[in-house]
A.B. asks: 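Just passing along the structure, written as structure tokens.
Counting begins at 1 with the first residue of the sequence. Predicted model, so just to flag it, every value in this text is computed and none were measured.
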Amino acid sequence: MLRKPVRLVLTIIPMCLAFFGFSLIVGIDNAYDVEFELDDKRRIVTINRQSITQPLMQPAIERVRKMPQVNDATFVTWFGGYFLKPDQTFSQYAIEEDNYFAVFDGIQVPDTSLPLWKEDPTAVLVTPVLAERFDWKTGDKIILTTSIWTQKNFSSDWPFTIAGIFYAEDGTEEESMLIKHTYLERNRLFGRGMTSFFVSRIRPEYDVNNTITQLDNLFENSKSPTFTSKESAFAESFRRQLGDLALMTKLVLAIAVLVVFLLTSSSMAQSLVERKRELALFSAVGYSKRKISSLLVIENILVVVLAMLIATCITFVSSWILGQILVDGPFSDIELRFWDIVQITAIAISLGATGATLPLLKLLKEDLSANLKSAI
């Protein structure tokens, strides 16, 4: 295997690229993977049936709250701003202060954050990760710029005051900001009385899927028919903005399998031609064809697994670098999980074995002793 290091390196490099592409896509898919423990919260999200960009009327939330299945409900408006530079984005939600924390009862707000949050209409709460990213402290005055909401003075710059931090629920965004909806409502030039989506928490004794159907039926003949889904499915819809990652994963896997299979087969075929005398000597000293074939398969598997391990290490390093550069968004959370590595290893072993099959079938049909004369 090491007698021709140049050929070994040239064989491993494209394998590494193939495995790296596959493992990177898997890592990105993991970064966008929604924690389905959100479903345990029994929350559903309602948007306009046409598109999430189309608003819902705020008063309609009262019809939702009157449903016997609904424990509590709130409305949320997407703010869509950035801090200082357009590439410094993060999630900002204008929330209904009275009901939001009842629906999202897993959110924790320290007592130190409450005084300014209650007193100042421009107050916002931020996650610890976001506060650390911009070095925000309680009482800091900041400006967010948004292309969605214009103030009454025709300015797109909105002043806010950092009231403190809040701890988001597990499985939700690590970088987000909560804005008072009353502040947005009083100062925006247009869109008053409208909101982006409703979030409802369903009582334990009712079925979530049936409630979803009944809620949408409630608005079937209204001016704004709705589309309701589980919270995890709603979060999943955002990841589809990058495309169907499941399909991308399958395509990259197919390409990786094809590349590695062709490389291992051609490398094994060439190796058998060059090692005829060596294999004849093995046969002469008592090695059976099956034993020789087994040794060659193991050698082939080792080459493929080596390429896979190198690619996995590169993926870990790349994900760490991306996490340092892209501190916001899912690309900062690219990761390979334990079972992903097990799966990729199993694929590598399978490809190493199957890639050697066709050349070895020809070997099993040959008379190795015919090459013994040239070996002496």
A.B. asks: Is the number of heavy atoms from other residues, nucleotides or ligands under 6.0 Å of Lys152 NZ greater than 12?
C.D. replies: yes
A.B. asks: Does any N or O in the side chain of Thr146 come within less than 3.5 Å of the main-chain N or O of Gly80, such that one atom is a donor and the other an acceptor?
C.D. replies: yes
A.B. asks: For a 4.5 angstrom cut-off between non-hydrogen side-chain atoms, does Gln69 reach Arg203?
C.D. replies: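 Gln69 vs Arg203: side chains apart.
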A.B. asks: Are Phe198 and Val103 packed together at the side-chain level, in the sense that at least one heavy-atom pair is separated by less than 4.5 angstrom?
C.D. replies: no
A.B. asks: Can you tell me how far apart CD1 (Ile44) and CD1 (Ile212) are? Round to the nearest 0.5 Å.
C.D. replies: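 Here the interatomic distance stands at 5.5 Å.
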A.B. asks: Search all heavy atoms of Leu116 against all heavy atoms of Ala163 and return the closest pair with its distance.
C.D. replies: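 In this case the closest contact between Leu116 and Ala163 is CD2-CA, 3.7 Å.
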A.B. asks: Heavy atoms, side chains only, cut-off 4.5 Å: are Glu299 and Leu302 in contact?
C.D. replies: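 Glu299 does not reach Leu302 side chain to side chain.
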A.B. asks: Just wondering, do Pro110 and Ile165 contact through their side chains at under 4.5 Å, heavy atoms?
C.D. replies: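 Yes. Closest side-chain heavy atoms under 4.5 Å.
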A.B. asks: Show your reasoning for whether side-chain contact (heavy atoms from CB on, under 4.5 Å) applies to Trp149 and Leu144.
C.D. replies: CA-CA 11 Å; Trp149 306 112; Leu144 294 185; over 6 Å; no
A.B. asks: Could you check whether atom CZ of Arg65 has more than 12 heavy atoms from other residues, nucleotides or ligands sitting under 6.0 Å from it?
C.D. replies: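 Yes, CZ of Arg65 has more than 12 neighbouring heavy atoms, counting only those of other groups under 6.0 Å.
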A.B. asks: Side-chain contact test, heavy atoms from C-beta onward, threshold under 4.5 Å: evaluate it for Phe19 versus Ile314 and give yes or no.
C.D. replies: no
A.B. asks: Using distance alone, with no hydrogens and no angle criterion, decide if Ser176 and Thr127 have a side-chain donor and acceptor under 3.5 Å apart.
C.D. replies: no
A.B. asks: Tell me if the CG atom of Asn153 is crowded by more than 12 foreign heavy atoms within 6.0 Å.
C.D. replies: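 For Asn153, atom CG is crowded (more than 12 foreign heavy atoms under 6.0 Å).
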A.B. asks: Passes side-chain hydrogen bond (donor to acceptor under 3.5 Å, both in side chains), Ser196 versus Thr77? Steps please.
C.D. replies: CA-CA 5 Å; Ser196 299; Thr77 300; 4.5 Å; no
A.B. asks: Among Phe160, Trp158, Trp136, whose ring pair (Phe, Tyr, Trp, His ring centres under 6.0 Å) with Phe83 holds?
C.D. replies: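 Answer to the ring pair (Phe, Tyr, Trp, His ring centres under 6.0 Å) test with Phe83 among Phe160, Trp158, Trp136: Trp136.
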A.B. asks: Give me the atom names and distance for the closest heavy-atom approach of Ile148 to Phe190.
C.D. replies: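 So the two residues come closest at O-CZ, 3.1 Å.
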A.B. asks: Would you say the side-chain atoms of Ser155 pair up with the backbone N or O of Gln151, donor to acceptor, closer than 3.5 Å?
C.D. replies: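 Between the backbone of Gln151 and the side chain of Ser155 there is no qualifying donor-acceptor contact (under 3.5 Å).
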A.B. asks: List, by chain and then residue number, the residues other than Met57 in its hydrophobic cluster (Ile/Leu/Val/Met/Phe/Trp/Tyr, side-chain heavy atoms under 4.5 Å); write none if there are no others.
C.D. replies: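 Members alongside Met57: Met194.
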A.B. asks: Kindly compute the distance separating CE (Met308) from OG1 (Thr345), expressed to the nearest 0.5 Å.
C.D. replies: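 One finds 3.5 Å between CE of Met308 and OG1 of Thr345.
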A.B. asks: Is the count of non-hydrogen atoms from other residues, nucleotides or ligands lying under 6.0 Å from Phe154 atom CZ greater than 12?
C.D. replies: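 No, CZ of Phe154 has 12 or fewer neighbouring heavy atoms, counting only those of other groups under 6.0 Å.
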A.B. asks: Are any side-chain N or O atoms of Asn300 and backbone N or O atoms of Gly352, one a donor and one an acceptor, separated by less than 3.5 Å?
C.D. replies: yes
A.B. asks: Is there a donor-acceptor pair closer than 3.5 Å between any side-chain N or O of Arg63 and the backbone N or O of Phe219?
C.D. replies: no
A.B. asks: Roughly how far apart are Glu97 CD and Trp117 CH2, rounded to 0.5 Å?
C.D. replies: 5.5 Å
A.B. asks: Using a 4.5 Å cut-off on heavy atoms from C-beta on, say whether the side chain of Ile142 contacts that of Met177.
C.D. replies: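 Heavy-atom side-chain distance check passes, below 4.5 Å.
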A.B. asks: Show the nearest heavy-atom pair for residues Thr211 and Asp207, with the distance to one decimal.
C.D. replies: OG1-O, 2.8 Å
A.B. asks: Could you tell me whether a side-chain N or O of Lys180 sits under 3.5 Å from a main-chain N or O of Asp120, the two making a donor and an acceptor?
C.D. replies: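 Yes, the answer is positive, given that a donor and an acceptor are paired below the 3.5 Å cut-off.
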A.B. asks: Taking Thr195 for the side chain and Val76 for the main chain, is one N or O donor matched with an acceptor at less than 3.5 Å?
C.D. replies: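 Pair found, side chain donor or acceptor close to backbone of Val76.
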A.B. asks: Any donor and acceptor pair, going by atom type alone, linking the side chain of Asn71 with main-chain N or O of Arg201 inside 3.5 Å?
C.D. replies: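 Answer holds: no.
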A.B. asks: Is it true that Glu220 and Arg49 have a side-chain N and a carboxylate O under 4.0 angstrom from each other?
C.D. replies: yes
A.B. asks: Tell me if the CD atom of Glu132 is crowded by more than 12 foreign heavy atoms within 6.0 Å.
C.D. replies: no
A.B. asks: My understanding is that only residues two or more places apart in sequence, or in another chain, count here; which of them pass ring pair (Phe, Tyr, Trp, His ring centres under 6.0 Å) with Tyr93?
C.D. replies: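 For Tyr93 the ring pair (Phe, Tyr, Trp, His ring centres under 6.0 Å) partners, ignoring immediate neighbours, are Trp78.
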A.B. asks: Can you hop from Ile344 to Trp339 via hydrophobic side chains spaced under 4.5 Å?
C.D. replies: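 Looking at the clustering, Trp339 is in a separate group from Ile344.
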A.B. asks: Using side-chain contact (heavy atoms from CB on, under 4.5 Å), reason through Ile162 and Lys137 one step at a time and then give a plain yes or no.
C.D. replies: CA-CA 7 Å; Ile162 304 297; Lys137 303 292 189 299; over 6 Å; no
A.B. asks: Nearest heavy-atom pair of Leu84 and Gln88: which atoms, and what distance?
C.D. replies: CB-NE2, 3.7 Å
A.B. asks: Does the side chain of His181 reach to within under 4.5 Å of the side chain of Gln58, using non-hydrogen atoms?
C.D. replies: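 Counting from C-beta outward, His181 and Gln58 do come under 4.5 Å.
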A.B. asks: When you measure from the side chain of Glu169 to the backbone of Gly106, do you find a donor-acceptor pair of N or O atoms at a distance under 3.5 Å?
C.D. replies: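 Confirmed, Glu169 side chain pairs with Gly106 backbone.
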A.B. asks: With heavy-atom distances below 4.5 Å as the criterion, would you say the side chains of Phe90 and Tyr82 are in contact?
C.D. replies: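 Sidechains of Tyr82 and Phe90: no contact.
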A.B. asks: Give, for atom CG of Leu24 and atom OG1 of Thr312, the distance between the pair rounded to the nearest 0.5 Å.
C.D. replies: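 That separation rounds to 11.5 Å.
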A.B. asks: Would Thr161 and Glu119 count as a side-chain contact (heavy atoms from CB on, under 4.5 Å) if you check the C-alpha gap in whole Å, the side-chain angles of each, and the deciding distance to 0.1 Å?
C.D. replies: CA-CA 11 Å; Thr161 304; Glu119 296 171 6; over 6 Å; no
A.B. asks: Assess whether side-chain contact (heavy atoms from CB on, under 4.5 Å) is satisfied between Phe22 and Ile347, documenting all intermediate values.
C.D. replies: CA-CA 11 Å; Phe22 175 61; Ile347 293 172; 4.1 Å; yes
A.B. asks: Does one hydrophobic cluster hold both Val124 and Ile143, with members joined at side-chain heavy-atom distances below 4.5 Å?
C.D. replies: no
